[in-house]
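Report on one structure; see the data block that follows.
Below, all heavy atoms of this structure are taken into account, side chains as well, without hydrogens, waters or symmetry copies.
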Amino acid sequence: MEDTNEITLQRQFKHGMIIGKQKTKHMDFVVREASTMDMLEAEMEASTATPLNFNTHMAARQLVRVGDYEGPFTFNMVAKLHRDDWAILRKAILEVNEKGEDEPAVEQTD
């Protein structure tokens, strides 16, 4: 079941992410709040003892869209970002996760 109340945030890269065989550079991106499953899957890919690898796996999961490309995103795609863009992406991820923490809980009626 898709979460229609998903919290997202749109930002711009400084240098851009290159995607596809045509090597198209995309500047805008959208990230979503992390889920528990995102954290578990990223932890299986990279131990939390290696925070940079873990955070890169998390970023690949939290990216919703870069330009007109809607994924899937991979560790290597994120790892190839310029360090300025990595910092912009990390800041956006922290912001969207914080935004999600500020949202009131929705009571489920099943």
We want to know whether Asn53 and Glu45 form a side-chain donor-acceptor pair, criterion being a heavy-atom distance below 3.5 angstrom.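 No, because no side-chain N or O of Asn53 sits under 3.5 Å from a partner of the opposite role on Glu45.
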
Grab the two heavy atoms, one from [X] and one from [Y], that are nearest each other, plus how far apart they are.
| X | Y | value |
| --- | --- | --- |
| His82 | Asp84 | ND1-N, 2.9 Å |
| Thr8 | Lys99 | O-NZ, 3.8 Å |
| Lys14 | Asp85 | N-OD1, 2.5 Å |
| Leu89 | Ala59 | CD2-CB, 3.9 Å |
| Phe54 | Met39 | CE1-O, 3.7 Å |

Let me check something: any side-chain donor-acceptor pairs from residues 17-31 under 3.5 Å, sequence neighbours excluded? List them with distances.
residue	atom	partner	partner atom	Å
Lys25	NZ	His15	O	3.4
Asp28	OD2	Arg65	NH1	2.7
Asp28	OD2	Arg65	NH2	3.4

With side chains defined as the heavy atoms from C-beta onward, is the minimum distance between [X] and [Y] less than 4.5 Å?
| X | Y | value |
| --- | --- | --- |
| Arg61 | His57 | yes |
| Ile7 | Arg32 | no |
| Trp86 | Leu52 | yes |

Q: For Asp38 and Met58, indicate whether the former's side chain and the latter's backbone hold a donor-acceptor pair under 3.5 Å.
A: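 Side chain of Asp38 to backbone of Met58: no pair is present.
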
Any donor-acceptor pair under 3.5 Å from Asn97 side chain to Ala34 backbone: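 A pair under 3.5 Å: yes.
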
